[in-house]
Amino acid sequence: MSNATDTRRERRRREEEASEGRASAQGNGSAGGSGYALELEGVRKVYPMGDQEVVALDGIDLKVGSDEILALVGPSGSGKTTLCTIAGGILSASDGAVNVSGEDITEYSAKELTEFRRTKVGFVFQSVNLVPFLTARENLMVVSELGPGGLSRSEARQRADELLEELGLENRGDNLPGQLSGGQKQRVAIGRALMNSPQLVLFDEPTSALDSKLGDQVVALIREEMKQRGTAAIIVTHDDRITHYADRTVRIEDGRIVDDGTGLSLDKPRRLVQRAVKGVQEMFGGGTEDLVAQDGEKSDEETSED
């Protein structure tokens with residue numbers, strides 16, 4: 001028992017030192033001097049569809065603090081997952097700038113993005129995506145073994161066992177994913193995301209396959225693990241019941257951020273103008289002042305209802 005306690009203390013000490021090191025680097029400007037885990041500036045993502053274009057993200061400006069937990073909410077098709085995949089270097093933006101912990105990845109090549117994903121960010125996907133023929137421990141260890149400069153096999157095993165113990169899975173290291181419950185699989189996925197001590201972890205609907213009670217437990221665990229490490233996280237979710245675990249909730253609609261968590265509806269002025277112009281066109285000759293006034297009253301009513 002004392003050995004296990006000593007191991008946990010040593011792990012905590014190393015993680016605190018790593019967190020302090022990142023904070024010092026950001027404060028001294030060696031990591032770009034931004035102090036943010038993520039900065040998106042004017043980010044657009046456009047997909048060509050024949051003669052037309054589908055705009056998935058339209059001018060996204062977003063900053064996430066170095067240890068901030070941000071909930072990203074919005075309807076299906078609003079651009080939540082696209083935003084996360086760009087932040088994590090899976091997709092490249094069509095326009096704009098992407099900066100992760102002071103590292104500008106906007107113009108990175110495919111090879112550079114692969115290395116960036118391996119060392120700087122962690123992912124927990126909606127479908128978990130554990131390798132079915134690897135044990136829980138091996139699913140964590142494989143992250144460190146994918147590229148050069150990782151831990152040795154013995155070091156990776158020790159790191160994996162430490163994470164599994166911390167996540168309450170110390171007796172499940174030898175189990176295959178098919179032998180684990182839904183909540184246990186999700187915890188293995190969280191451990192895998194933390195294996196290389198990333199500076200930003202991206203969660204895509206981590207509770208979608210879990211009941212409300214278990215989902216609440218998983219998000220509480222996510223918050224605890226992120227805060228212990230001083231690591232930033234973005235949690236994409238449809239479940240407003242778990243947003244209280246986040247430091248801030250950002251709402252996205254139609255590829256635009258309409259609420260950045262400050263209480264200000266950023267997109268309302270633009271929507272007012274668009275609706276007014278559309279109304280004038282439909283009425284062919286209607287007064288723009290009346291339309292804007294009517295729409296303003298309606299939007300205020302909608303806000304009060306929210």
Side-chain angles (χ1 to χ4, degrees), residues 1-22 67 69 88 115-204 206-207 209-210 214-215 217-233 235 245:
M1 182 65 70
S2 60
N3 289 339
T5 301
D6 291 343
T7 299
R8 284 194 295 270
R9 286 174 178 169
E10 176 63 17
R11 181 175 67 248
R12 290 277 192 268
R13 184 187 65 77
R14 293 200 306 266
E15 288 170 350
E16 287 172 1
E17 289 176 351
S19 178
E20 290 172 0
R22 288 199 298 269
D67 64 348
I69 298 175
E115 178 62 13
F116 163 79
R117 290 192 301 270
R118 191 182 72 83
T119 59
K120 299 297 178 64
V121 292
F123 298 92
V124 178
F125 298 101
Q126 182 174 354
S127 56
V128 182
N129 288 347
L130 298 179
V131 181
F133 52 84
L134 296 181
T135 66
R137 180 185 298 107
E138 291 167 342
N139 264 282
L140 271 63
M141 292 175 62
V142 72
V143 175
S144 184
E145 297 171 353
L146 285 175
L151 301 174
S152 67
R153 186 164 182 82
S154 61
E155 290 173 332
R157 183 185 177 92
Q158 179 180 356
R159 169 70 172 161
D161 284 342
E162 289 173 355
L163 284 168
L164 290 173
E165 179 186 353
E166 189 169 323
L167 293 165
L169 296 170
E170 60 270 24
N171 296 322
R172 296 292 186 177
D174 294 324
N175 289 120
L176 296 171
Q179 299 170 316
L180 302 174
S181 68
Q184 289 170 341
K185 290 177 184 177
Q186 196 64 266
R187 281 183 278 167
V188 173
I190 293 170
R192 182 179 61 184
L194 296 172
M195 187 67 183
N196 282 345
S197 302
Q199 294 154 340
L200 174 66
V201 182
L202 305 167
F203 298 86
D204 188 10
T207 63
L210 307 176
L214 190 53
Q217 292 173 356
V218 166
V219 179
L221 178 64
I222 289 171
R223 179 175 178 83
E224 179 183 0
E225 293 298 322
M226 297 302 105
K227 289 301 182 181
Q228 283 178 355
R229 292 169 170 77
T231 301
I235 304 174
Y245 286 108

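For the pair Lys185 (side chain) and Asn129 (backbone), a donor-acceptor distance under 3.5 Å is absent. The backbone N or O of Pro206 lies less than 3.5 Å from a partner atom in the side chain of Gln186, making a donor-acceptor pair. No donor-acceptor pair closer than 3.5 Å links the side chain of Asn196 to the backbone N or O of Thr119. Between the Arg117 side chain and the Gly88 main chain, no donor and acceptor come within less than 3.5 Å of each other. Remark: side-chain polar atoms of Arg229 are paired, donor with acceptor, to backbone N or O of Glu225 under 3.5 angstrom.
Of the listed residues (Leu180, Leu176, Asn175), just one forms a side chain to side chain contact (heavy atoms under 4.5 Å, CB included) with Thr135, and that residue is Leu176.
In this structure, the separation between CZ on Arg159 and CG on Leu164 is 10.5 Å, given to the nearest 0.5 Å. Here CZ of Arg187 is found 4.5 Å from CG of Leu169. Values are rounded to the nearest 0.5 Å. Here the CD atom belonging to Glu166 is positioned 8.5 Å from the CG atom belonging to Leu221, to the nearest 0.5 angstrom. Note: Asp161 CG to Glu170 CD = 10.0 Å, rounded to the nearest 0.5 Å. Once rounded to the nearest 0.5 Å, the distance linking CZ of Arg137 with CG of Asp174 reads 4.5 Å. With rounding to the nearest 0.5 Å, the separation of CZ in Arg118 from CE in Met195 is 11.5 Å.
Taking both residues in full, the closest heavy atoms of Asn139 and Pro177 are given as ND2-CG, 4.0 Å, listed atom of the first, atom of the second, then distance. Scanning both residues, Val124 and Ala193, for their nearest heavy atoms gives CG2-CB, 3.7 Å. Residue Gly122 comes nearest to Pro198 through the heavy atom pair N-CB, 3.6 Å, listed as atom of the first residue, atom of the second, then distance.
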What's the verdict on side chain to side chain contact (heavy atoms under 4.5 Å, CB included) for Ile190 and Val218, showing C-alpha distance, side-chain angles and the deciding distance? CA-CA 9 Å; Ile190 293 170; Val218 166; 4.2 Å; yes

Take Glu138 and Val131 through the side chain to side chain contact (heavy atoms under 4.5 Å, CB included) test and state the conclusion after the steps. CA-CA 9 Å; Glu138 291 167 342; Val131 181; over 6 Å; no

Please walk me through it: do Met141 and Leu134 pass side chain to side chain contact (heavy atoms under 4.5 Å, CB included)? CA-CA 10 Å; Met141 292 175 62; Leu134 296 181; over 6 Å; no

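Side-chain atoms of Ile222 and Phe203, non-hydrogen and from C-beta on, do get closer than 4.5 Å to each other.
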